[in-house]
There are 2 protein chains.
Amino acid sequence: MYGMKATNIRARVRAEMTEEIKTIARRHLATDGANLSLRAVARDLGVVSSAIYRYFASRDELLTALILDAYNSLGQTVEDRERAVARDDLTGRWMAVCDSVRGWALERPHEYALIYGSPVPGYQAPQDTVAAATRAVTVLGTIIQDAAVTGRVRHDPPEPLAAEVVEDVRRAGSVIAPDVPDAVTARALSAWVTLFGSVSFELFGQLNQVVMHRDEFFAHQMRVQARFVGI
Amino acid sequence: MYGMKATNIRARVRAEMTEEIKTIARRHLATDGANLSLRAVARDLGVVSSAIYRYFASRDELLTALILDAYNSLGQTVEDRERAVARDDLTGRWMAVCDSVRGWALERPHEYALIYGSPVPGYQAPQDTVAAATRAVTVLGTIIQDAAVTGRVRHDPPEPLAAEVVEDVRRAGSVIAPDVPDAVTARALSAWVTLFGSVSFELFGQLNQVVMHRDEFFAHQMRVQARFVGI
DNA sequence: GGAATGCGAGAGCACTGCTCTCTCAGTAGA
DNA sequence: TCTACTGAGAGAGCAGTGCTCTCGCATTCC
């Protein structure tokens with residue numbers, strides 16, 4: 001209508017089908033992890049297995065799509081939750097990021113394992129995933145940048161930094177946190193590691209007979225990290 | 001001879017065979033990860049696939065054996081490396097633990113992924129692995145215990161700890177680090193997470209376009225962690 | 001020496017990822 | 001509107017998988 005070509009049924013059905021395959025595959029992720037069965041997905045979809053190959057050239061390509069979606073879903077969640085906090089409440093923003101990463105991971109443990117667990121053997125992540133993968137950590141970087149430009153980073157006596165470390169830290173901070181002192185950026189990188197290390201330890205069972213009160217322990221840890229970083 | 005029963009050939013051959021299966025399986029771990037093929041292992045061994053089942057009841061049982069070996073290998077390495085440092089050089093001992101964990105992981109990335117990566121779907125680690133899994137962190141605990149009894153933990157103003165966190169921290173420290181202040185034990189737990197988080201991030205590719213000087217960055221991080229803990 | 005046991009071979013079952021061909025419905029150009 | 005083209009599902013097939021079962025044979029035990 002209005003000069004538009006008639007709706008392209010094929011294209012629309014194709015998009016829907018692609019989404020549906022991914023949705024079912026995500027469900028299978030829960031029981032079979034990264035070696036989910038294409039044939040089982042096809043069965044659930046009421047279609048013969050070879051039909052899947054019209055949409056994804058291989059199982060790896062399906063996994064890549066799931067990985068990309070997972071990174072973006074996590075990134076979106078973190079961005080949304082952080083945006084809802086008052087800009088000058090730096091600690092609140094920090095905690096919002098930490099909580100939302102963990103919350104997202106607890107809701108979708110298998111998608112988290114897909115992106116932050118051991119890499120799938122023989123699988124090489126294509127470049128597309130890199131941009132999506134940086135969304136979460138970028139939010140963290142923005143917080144310390146905001147802290148720095150409003151003069152609210154604590155100035156502890158900075159640890160001495162080897163030249164190589166300074167180089168890495170500067171490059172890492174140059175785009176999103178250029179006004180942050182090197183020592184603070186370095187600590188933020190450590191805090192980033194601790195955040196995901198914590199979530200991974202909890203999800204992958206390393207805390208099993210060690211920490212019982214997961215919520216409180218995590219919150220405490222992340223609060224300490226915020227102070228350690230200097231906000 | 002000398003009253004001993006004749007050597008039990010069967011038993012000896014069985015032990016050798018079991019070792020050989022695990023060795024070959026470890027090799028396959030590198031290319032196929034946790035879903036290595038029993039049949040391929042059998043082929044490499046020059047034996048038909050059903051023969052493997054005389055030694056391991058299932059692929060999961062083989063994996064369990066590999067996991068157990070990995071934990072013990074890591075634990076042994078860490079213990080040996082830490083023992084070689086002078087007892088009163090607390091920072092040196094701390095760094096020895098961190099370096100040896102990372103060194104071991106870089107040498108055997110696939111065994112590391114097996115024990116610290118995403119859990120194998122549908123696989124439940126038996127209780128046997130728990131004891132082996134704690135060896136590495138126990139060494140860390142011993143260091144802060146030694147620091148405490150010789151009066152060498154720094155006394156920063158301790159962070160406030162929620163009651164639930166205190167409970168977890170006390171239980172975690174009660175056996176190996178009973179004389180350590182709660183706040184220090186809590187920080188040591190965080191440092192433990194950061195240590196393995198760092199190694200996982202590096203191995204699993206999360207540091208890929210971020211940190212180039214891995215050795216220096218890791219050493220810096222762990223040094224900061226030691227000071228953060230208070231030794 | 002005879003009975004019991006341990007072990008490898010081999011066949012077989014149900015499953016996997018993936019390829020290829022066939023057929024038919026939707027689409028585009030005249 | 002008719003025709004040629006293209007995209008999509010069905011189905012068969014290949015090589016591989018974990019695992020089971022049975023069958024011989026060698027070692028061990030009594």
Side-chain angles (χ1 to χ4, degrees), chain A residues 1 3-22 24-25 27-67 114 120-124, chain B residues 1 3-22 24-25 27-67 114 120-124:
Chain A
M1 41 177 130
M4 281 177 63
K5 303 187 83 167
T7 310
N8 192 326
I9 295 183
R10 277 229 180 130
R12 208 191 50 215
V13 169
R14 184 169 227 290
E16 282 170 12
M17 195 75 173
T18 307
E19 262 333 290
E20 209 162 342
I21 291 173
K22 288 197 290 183
I24 294 177
R27 222 154 39 218
H28 283 245
L29 219 48
T31 54
D32 303 319
N35 49 160
L36 57 86
S37 153
L38 271 192
R39 291 181 110 113
V41 171
R43 258 193 313 271
D44 277 19
L45 218 134
V47 115
V48 93
S49 78
S50 61
I52 302 280
Y53 287 85
R54 296 276 173 200
Y55 300 89
F56 298 95
S58 67
R59 229 198 55 195
D60 269 14
E61 205 172 273
L62 212 201
L63 282 180
T64 300
L66 294 182
I67 288 172
L114 198 59
V120 180
Y123 170 83
Q124 188 59 21
Chain B
M1 39 176 131
M4 282 176 63
K5 304 184 84 167
T7 311
N8 191 329
I9 295 182
R10 276 238 248 254
R12 207 190 53 215
V13 169
R14 185 170 226 290
E16 282 170 10
M17 195 75 172
T18 307
E19 257 341 284
E20 209 163 343
I21 292 172
K22 289 197 289 183
I24 294 177
R27 223 157 36 220
H28 282 243
L29 219 49
T31 54
D32 302 319
N35 48 163
L36 55 86
S37 154
L38 272 192
R39 292 181 110 112
V41 171
R43 260 194 309 274
D44 278 18
L45 218 134
V47 117
V48 94
S49 79
S50 60
I52 303 280
Y53 288 84
R54 297 278 174 198
Y55 302 89
F56 298 95
S58 66
R59 228 197 54 191
D60 270 13
E61 205 173 272
L62 211 200
L63 283 180
T64 301
L66 295 182
I67 289 172
L114 198 60
V120 180
Y123 170 83
Q124 189 59 21

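Computed from a predicted model, the values in this text were never measured in an experiment. Order of the sequence lines sets the chain letters (A, B, ...), proteins ahead of strands, with each chain counted from 1.
Of all non-hydrogen atoms in B/A34 and B/R59, the two that sit nearest each other are O-NH2, 3.2 Å. Looking at every heavy atom in both residues, A/S49 comes nearest to A/A42 through CA-CB, 3.6 Å.
Using modelled atom types, no side-chain atom of A/R27 and backbone atom of A/V41 make a donor-acceptor pair closer than 3.5 Å.
Note: CG (A/D32) to P (C/dT16) measures 9 Å, nearest angstrom. Atom CD in A/E16 sits roughly 19 Å away from atom P in D/dG7 (whole-Å rounding). Whole-Å rounding puts the A/E61 CD to C/dC18 P distance at 10 Å. Put simply, CZ on B/R59 is 13 Å from C1' on C/dT16, counting in whole angstrom units. When the P atom of D/dG7 is taken as reference, atom CZ of A/F56 falls 17 Å away, rounded to whole Å. Protein atom CG of B/L63 is 12 Å distant from nucleotide atom C1' of D/dG18, rounded to whole Å. Nucleotide D/dA8 holds its C1' atom 11 Å from the CD1 atom of A/I21, rounded to whole Å. In this structure, CD1 of B/I52 is placed 15 Å from C1' of D/dT20, rounded to the nearest angstrom.
With C/dG26, D/dC19, C/dG8 as the choices, the nucleotide that has an atom nearest any side-chain atom of A/R10 turns out to be C/dG26.
Screening A/N35, A/L36, A/I24 for a side chain to side chain contact (heavy atoms under 4.5 Å, CB included) involving A/L29 leaves a single residue, A/L36. Only one option out of B/L62, B/L63, B/T64 pairs with B/F56 in a side chain to side chain contact (heavy atoms under 4.5 Å, CB included); it is B/L62.
Using a 4.5 Å cut-off on side-chain heavy atoms (C-beta onward), B/Y53 and B/L38 make contact.
When each of A/R54 and B/N35 is assigned the nucleotide of DNA chain D bearing its nearest heavy atom, the one mapping closer to the 5' terminus is A/R54.
Residue B/R14 places no side-chain N or O under 4.0 Å from the OP1 or OP2 atom of C/dG6. Contact annotation: A/Y55 reaches the phosphate of D/dG9 (side-chain N/O to OP1 or OP2, under 4.0 Å).
Remark: B/Y55 OH to B/K22 NZ distance equals 13.5 Å, nearest 0.5 Å.
At a non-hydrogen distance threshold of 4.0 Å, A/R39, A/V47, A/V48, A/S50 from residues 36-50 of chain A come into contact with DNA chain D.
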